[in-house]
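A short worksheet on the structure shown next.
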Amino acid sequence: FEKSLDYATEATAAFRKVDGGKPNPSSFALILSGLATWQQFTKRFKEARKTLDEAEGLLIPAVGKKTIEPFLLYCQIGTVCARMDDLKGMKKAQDQARAILKTMQAPQLEKHILQTLSWPQWHLQHYIGL
């Protein structure tokens with residue numbers, strides 16, 4: 001996992017520098033979410049939480065809170081908070097995910113999870129149950 005974390009860290013840094021411009025916020029949020037996954041695997045939970053905060057700051061203004069991407073991001077945030085014993089942070093993330101779930105309605109959410117391959121495949125097996 002250490003070597004994969006090194007690669008993810010380098011890729012994230014390189015993406016920040018793309019032609020001196022700003023990366024697409026949604027794409028960059030996905031990259032940050034992937035980096036946070038490797039940080040989780042190596043038990044760097046504080047780093048993962050900080051990385052996910054950055055991803056949230058990019059993603060939510062870009063897509064809002066009514067789609068699959070923020071739902072999955074909040075599930076990941078909740079997982080990291082749980083592993084850090086941050087129960088308040090975990091509850092807040094769970095509440096955000098539940099609100100999105102309610103907006104999307106369960107059958108529609110299931111359809112999106114089956115059709116949206118990038119976010120779920122990175123993280124789904126690690127999410128806390130809602």
Side-chain angles (χ1 to χ4, degrees):
F1 290 132
E2 291 294 329
K3 188 53 107 175
S4 297
L5 175 60
D6 290 343
Y7 291 147
T9 302
E10 288 174 19
T12 302
F15 200 80
R16 286 182 196 277
K17 298 176 186 178
V18 174
D19 296 329
K22 291 180 119 180
N24 176 285
S26 297
S27 297
F28 196 46
L30 175 61
I31 289 169
L32 290 168
S33 177
L35 172 59
T37 297
W38 291 111
Q39 290 167 331
Q40 284 174 249
F41 285 149
T42 56
K43 301 190 184 323
R44 291 173 170 92
F45 300 120
K46 288 182 181 179
E47 290 175 32
R49 184 68 180 102
K50 185 177 177 183
T51 301
L52 292 170
D53 283 344
E54 184 179 1
E56 181 184 18
L58 291 166
L59 184 66
I60 301 308
V63 303
K65 289 187 177 182
K66 295 181 181 179
T67 63
I68 187 72
E69 292 87 356
F71 169 78
L72 295 169
L73 181 63
Y74 285 120
C75 289
Q76 186 181 8
I77 291 170
T79 299
V80 170
C81 288
R83 293 191 177 151
M84 293 173 60
D85 293 324
D86 175 5
L87 300 181
K88 185 177 177 182
M90 181 186 76
K91 170 114 174 64
K92 183 178 175 185
Q94 285 177 323
D95 290 347
Q96 292 283 0
R98 283 189 185 107
I100 294 167
L101 178 69
K102 189 174 184 178
T103 299
M104 291 187 72
Q105 302 172 354
Q108 186 179 359
L109 179 64
E110 182 179 352
K111 180 181 105 179
H112 282 288
I113 287 176
L114 293 174
Q115 290 177 349
T116 308
L117 298 179
S118 56
W119 287 78
Q121 288 196 355
W122 271 105
H123 308 296
L124 199 54
Q125 74 269 19
H126 302 287
Y127 287 159
I128 49 179
L130 297 174

For the pair Leu35 and Thr9, evaluate side-chain contact (heavy atoms from CB on, under 4.5 Å) and give the outcome as yes or no after the intermediate values. CA-CA 6 Å; Leu35 172 59; Thr9 302; 3.5 Å; yes
Working for salt bridge (Lys or Arg N to Asp or Glu O under 4.0 Å), residues Asp53 and Lys50: CA-CA 5 Å; Asp53 283 344; Lys50 185 177 177 183; over 6 Å; no
Calculate, to the nearest 0.5 Å, the distance between atoms OG1 and CD belonging to Thr37 and Gln76 respectively. 4.0 Å
Hey, are the side chains of Ser26 and Glu69 touching, using non-hydrogen atoms and a 4.5 Å cut-off? no
Would you say Leu5 and Arg44 make side-chain contact, with heavy atoms under 4.5 Å? yes
Would you check if the side chain of Ser33 reaches a backbone N or O of Ala29 as a donor-acceptor pair within less than 3.5 Å? no
Could you pull out the closest heavy-atom pair between Glu56 and Pro61, with the gap in Å? O-CD, 3.8 Å
Pair Gln40-Thr79, side-chain donor/acceptor within less than 3.5 Å: no
Interatomic spacing from CD1 in Ile100 to OG1 in Thr67 - rounded to 0.5 Å: 7.0 Å
Between Asp95 and Arg98, is the closest basic N to carboxylate O distance under 4.0 Å? yes
Can you name the ring pair (Phe, Tyr, Trp, His ring centres under 6.0 Å) partners of Phe45, sequence neighbours left out? none
I'd like to check Leu59 versus Phe28 (side-chain heavy atoms, cut-off strictly below 4.5 Å). Are they in contact? no
After noting the C-alpha distance and the side-chain angles of Tyr74 and Ile60, does the key distance pass the side-chain contact (heavy atoms from CB on, under 4.5 Å) rule? CA-CA 11 Å; Tyr74 285 120; Ile60 301 308; 3.7 Å; yes
Quick check for you: to the nearest 0.5 Å, what is the distance between Leu87 atom CG and Gln94 atom CD? 9.5 Å
side-chain hydrogen bond (donor to acceptor under 3.5 Å, both in side chains) against Lys65, all qualifying residues, sequence neighbours excluded: Gln96
Here the gap from Asp86 atom CG to Met90 atom CE, rounded to the nearest 0.5 Å, amounts to 9.0 Å
